[in-house]
Amino acid sequence: MESLKRTRIAEVLRNWQAIGAGNMVNLKGWVRTKRGNKNVAFIALNDGSVIHNIQIVVDLAGFDEATMKLITTGSCISVNGILVESPGQGQAVELQAKEIEVYGTADPETYPLQKKGHTLEFLREIAHLRPRTNTFGAVLRMRHAMSFAIHKYFNDNGFYYLHTPIVTGSDAEGAGAMFRVTTLDAKNPPLTETGEVDYTQDFFGKATNLTVSGQLEGELGALALSNIYTFGPTFRAENSNTPRHLAEFWMIEPEMAFHDINDNMDLAEDFLKYLVKYALDNCMDDLEFLTKMYDNELIDRLKFVVENDFQRLTYTEAVEILKASGQKFEFPVDWGTDLQSEHERYLVEKHFLRPVILTNYPKHIKAFYMKQNDDGKTVRAMDVLFPRIGEIIGGSQREESLEKLVTRCREMEIPEKDIWWYLDTRRFGTAPHAGFGLGFERMMLFVTGMANIRDVIPFPRTPQNAEF
RNA sequence: UCCUUCUUAGCUCAGUUGGUUAGAGCAUCUGACUGUUAAUCAGAGGGUCGCUGGUUCAAGUCCAGCAGAGGGAGCCA
């Protein structure tokens, strides 16, 4: 077969006029369908560069039957052919095949992906193959686009990307159960005199875990570089079985010196709108597919979020609205208790009909590091609530006073010796600062219209499941 | 972890108050068709009804346990 430089299908469909009808190109990809008759075969070829397939037209007189039999749904081929304007409906251009090489066959009796639709549940069981479907191609391309947009936004706005550790020796982040990291023999660990596992003999000389948040280290960076962000994997060993939780997920955590809670809200809103707009500006092919197949209101909802202000109000105001709503809630609303999902959904989806930012929560339901308000009862926390998703961002202005922070640690029984380095930032050159955490997969749920978080990450890790 | 629903062909599903040999669409295979668009048409093959036990003359169907999956809740991002 003549050696030609491969052209991506996205490139052909976008620039076929520049490439020029009548010219020979090489395309490589995976066969979605083959149909036709004795004289001509039509192959829908996809290489993942774009959601659309390109049609390969094969005049069977020029090809041997044995080769053509190998070309089935799922097989991988390389084609040299002439790019021509298509006489048929449904595509502008197609490729008149001259030479075909079969790279890999896919036995139709055993290849699990068919031409017809599959349920998302079934595709989760074959997560190694689901990237080859239209849906996961769209989701994974958008996942890349969103990742890129995150870095671009922060870079363009004077933030530095800080790599916070994955393995942490601190157990004080207060963000839930952790995965232990150890090289000790699980069957026969060294013990102390009192019979406890002796972690001084472990790899790091102490008990270590996978991080549940990069925030504490992020603050160290912000109190030197002014504006930093993290974007990395995060782990929670909670036994959560919901469409919104993963044991391994990706989180974006900006942290800004000299920002108060209002600056923090401004940034969160601007950032989220930027990401949604980036999707609308750069992922329209995939968005149109997802809108058509999964969520008819997706594109409209994304546009609405970009064009409208988020509703900002305090926790106390939210409680008053909920109490006055006349709604029957399963859980009663009362000042001092954390809001339940049903309450958040009511505010976002029934009352305000737009994203909501809640601030100034009671201090006893929030983390130790949040800045205390002068009322002695509330802290400068903020939660951003999105339609369909619920909490997409959690953040706060941080307590910069050493005295108040230490007092709060003692009240909440957080050992100061474990976070001496964190407390040092308040001891030496402390500054007002703020930050938040955005769950990347929750953002992906919103921009793709997918309903289950396991369908917006390539290989989901959930309780009882670490396959692939 | 709690509540709830589901598990029948490769996939998506039907299967009546328990009653002969468990069905359909798609997929697969064979054949037909000169340009198809999830091609179409004709035919064929394909099942330990999630697993284990129980009730019954008789269980895909009723009961119990277990496993897996979905939805809701909690924890949160």
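Just so it is clear: chains get the letters A, B, ... in the order the sequence lines come, proteins before strands, and each one is counted from 1. None of these values were measured; they are calculated from a predicted model.
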Query raised in the report: Taking atom CZ of A:F468 as the centre, does the number of heavy atoms from other residues, nucleotides or ligands within less than 6.0 Å exceed 12?
Result: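 More than 12 heavy atoms, drawn from other residues, nucleotides or ligands, come within 6.0 Å of this atom.
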Would you mind classifying the nucleic acid contact of [X] as base, sugar-phosphate or nothing, using non-hydrogen atoms under 4.0 angstrom?
X: A:I393; result: sugar-phosphate
X: A:I392; result: sugar-phosphate
X: A:S86; result: base
X: A:K34; result: nothing
X: A:G437; result: sugar-phosphate
X: A:E253; result: nothing
X: A:G88; result: base
X: A:R32; result: nothing
X: A:Q114; result: base
X: A:E125; result: nothing
X: A:P87; result: base

Query - Spacing of A:H245 atom NE2 and A:T242 atom OG1 [to the nearest 0.5 Å] - result: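 Atom-to-atom, A:H245:NE2 and A:T242:OG1 are 4.5 Å apart.
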Query raised in the report: Once you round to the nearest 0.5 Å, how far does CE of A:M450 lie from CG of A:L445?
Result: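 Here the interatomic distance stands at 9.0 Å.
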Query - Structure string for RNA chain B in dot-bracket form, Watson-Crick and G-U at under 3.5 Å, | interchain - result: (((((((..((((.....[...)))).(((((.......))))).....(((((..]....))))))))))))....
Query raised in the report: Pick the nucleotide of RNA chain B nearest each of A:F122 and A:F42; which residue has the one closer to the 5' end?
Result: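 Going by which nucleotide is closer to the 5' end, it is A:F122.
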With 3.5 Å as the limit, what N/O pairs link the protein to nucleotides 72-75 of chain B?
| from | atom 1 | to | atom 2 | distance (Å) |
| --- | --- | --- | --- | --- |
| B:A73 | N6 | A:N241 | O | 3.4 |
| B:G74 | OP1 | A:Q340 | OE1 | 2.6 |
| B:G74 | OP1 | A:S341 | N | 3.3 |
| B:G74 | OP2 | A:S341 | OG | 3.0 |
| B:G74 | N2 | A:N239 | O | 3.1 |
| B:C75 | O2 | A:S240 | OG | 2.5 |
| B:C75 | N3 | A:S240 | OG | 3.1 |
| B:C75 | N3 | A:H245 | NE2 | 3.1 |
| B:C75 | N4 | A:H245 | ND1 | 2.9 |
| B:C75 | N4 | A:H245 | NE2 | 2.7 |

Query raised in the report: With a 4.0 Å cut-off, would you call A:E441 and A:R244 a salt bridge?
Result: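 A:R244 and A:E441: not salt-bridged.
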Query raised in the report: Does the distance from a Lys or Arg side-chain N to an Asp or Glu carboxylate O, for A:D334 and A:K323, drop under 4.0 Å?
Result: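 Salt bridge: yes.
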Looking only at the side chain of [X] (C-beta and beyond, no hydrogens), which of the listed nucleotides [options] gets closest?
X: A:N37; options: B:A69, B:C11, B:U34; value: B:U34
X: A:V40; options: B:U28, B:G35, B:G71; value: B:G35
X: A:N39; options: B:C11, B:G70, B:U34; value: B:U34

Tell me whether the rings of [X] and [Y] are parallel (<30°), tilted (30 to 60°) or perpendicular (>60°).
X: A:H351; Y: A:Y346; answer: tilted
X: A:F446; Y: A:F386; answer: perpendicular
X: A:Y315; Y: A:Y361; answer: tilted
X: A:F159; Y: A:F154; answer: tilted
X: A:F148; Y: A:Y278; answer: tilted

So, under a plain 3.5 Å distance rule, would you say the side chain of [X] forms a donor-acceptor pair with the base of [N]?
X: A:Q55; N: B:U36; value: yes
X: A:E109; N: B:G10; value: no
X: A:R35; N: B:A38; value: no
X: A:E94; N: B:G35; value: yes

Pick the [atom1] atom in [N] and in [M], then give their distance to the nearest Å.
N: B:U28; M: B:A69; atom1: P; value: 29 Å
N: B:G72; M: B:C66; atom1: P; value: 24 Å
N: B:C2; M: B:C75; atom1: C1'; value: 13 Å

Requested in this report: Answer yes or no: does a side-chain N or O of A:T119 lie under 4.0 Å from OP1 or OP2 of B:U12?
Outcome: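 Yes.
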